[in-house]
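For reference, the structure I am asking about is given below.
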Amino acid sequence: MDTFSLLFYIFASVLVFAGFRVITAKSPVSAALHLVLSFFSASCVWMLLQAEFLAISLVLVYVGAVMVLFLFVVMMLDINIDSIRQGFWKHFPLAGGIGAVIAVEMAFVLTRGFDLPTAKPFPPDVAKVPNAKALGIELFTHYLFPVQIAAVILLVAIIAAIA
């Protein structure tokens, strides 16, 4: 087994464990912290797959912003967990049925496969640069106007949220 496979299995097992702890933790703060661990593990798997932009954006956006906000709100509220968990077993058959349908659909897609159009290969000059740099080159050369429009819309949303 090479180093790549070993690291993948380590990060994947940590990701599965953290995902399981997200749904089984008694405390919402503990569940949120396990979600942060699962985000970091998924980011490490993406780094192994050489998808640097996805890995960095996952860490910056979800861990850096969304989870901090979520933890802030969870710690500010005093939620009685026992009253929320009272109807768990009453709704378990419906949730189990929906989970089984989702599992069958996923198995169908994974075993049957699906035909996707093949992507065009990168030009030789772009294929030599890292993914994040290639994405930046593509965005700011061919899609500069839509990126600027999105930036203005986000700026207006930030100003409106602050006001």
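All values below were derived from every heavy atom in this structure, side-chain atoms included, with hydrogens, water molecules and symmetry-related copies excluded.
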Next item on the list: Begin with the C-alpha distance, continue with both residues' side-chain angles, and end with the deciding distance and a verdict on side-chain contact (heavy atoms from CB on, under 4.5 Å) for Val16 and Phe20.
Entry: CA-CA 6 Å; Val16 169; Phe20 181 73; 5.5 Å; no
Margin query: With a 4.5 Å cut-off on side-chain heavy atoms, are Leu139 and Leu144 touching?
Written below: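 With C-beta onward as the side chain, the pair stays apart.
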Check: Under 3.5 Å, is there a donor-acceptor pair between the side chain of Ser13 and the main chain of Ile10?
Finding: yes
Next item on the list: Classify the ring geometry between His34 and Phe17 as parallel (under 30°), tilted (30 to 60°) or perpendicular (over 60°).
Entry: perpendicular
Item checked: Joint hydrophobic cluster, Leu48 plus Ile56, side-chain heavy atoms closer than 4.5 Å ->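 Leu48 and Ile56: separate clusters.
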Item checked: side-chain contact (heavy atoms from CB on, under 4.5 Å) between Leu58 and Val63, intermediate numbers included -> CA-CA 7 Å; Leu58 177 74; Val63 175; 5.7 Å; no
Next item on the list: Find out whether Ile98 and Ile102 are in side-chain contact, i.e. whether some heavy atom of one side chain is under 4.5 Å from a heavy atom of the other.
Entry: yes
Next item on the list: Could you pull out the closest heavy-atom pair between Phe39 and Met67, with the gap in Å?
Entry: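 Taking Phe39 first and Met67 second, the nearest heavy atoms are CE1-CG, 3.8 Å.
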Next item on the list: State the CZ-CH2 distance between Phe53 and Trp46, to the nearest 0.5 angstrom.
Entry: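 Result: 11.0 Å between the selected atoms.
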Next item on the list: Would you give the length of the straight line joining atom CG of Asp2 to atom CZ of Phe8, rounded to the nearest 0.5 angstrom?
Entry: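 Between Asp2 CG and Phe8 CZ, I get 12.0 Å after rounding to 0.5 Å.
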Side-chain polar contacts of residues 155-163 - donor-acceptor pairs under 3.5 angstrom, sequence neighbours left out - could you list them?
none

Margin query: Keeping Ser57 on the side-chain end and Leu54 on the backbone end, is there a donor-acceptor pair under 3.5 Å?
Written below: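 Yes: the side chain of Ser57 pairs with the backbone of Leu54.
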Next item on the list: Check the pair Arg21 / Ser38 against side-chain contact (heavy atoms from CB on, under 4.5 Å), numbers first and verdict last.
Entry: CA-CA 10 Å; Arg21 286 296 298 150; Ser38 67; over 6 Å; no
Next item on the list: Please examine the side chains of Phe140 and Val147, heavy atoms only from C-beta on, and report whether any two atoms are closer than 4.5 Å.
Entry: yes
Notebook entry, point to check: How long is the span from the CE atom in Met47 to the CZ atom in Phe11, to the nearest 0.5 Å?
Noted result: 10.0 Å
Margin query: How long is the straight-line distance from OH of Tyr62 back to CG of Leu35, given to the nearest 0.5 Å?
Written below: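 One gets 10.5 Å once the value is rounded to the nearest 0.5 Å.
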Margin query: On a heavy-atom basis, which atom in Ser43 and which in Val59 lie closest, and how many Å separate them?
Written below: OG-CG2, 3.4 Å
Item checked: Thr141 side chain to Ile137 backbone, donor-acceptor under 3.5 Å -> yes
Notebook entry, point to check: Other than Ile149, what residues sit in its cluster of Ile, Leu, Val, Met, Phe, Trp and Tyr side chains whose heavy atoms are under 4.5 Å apart, directly or through others?
Noted result: Phe145, Ile153
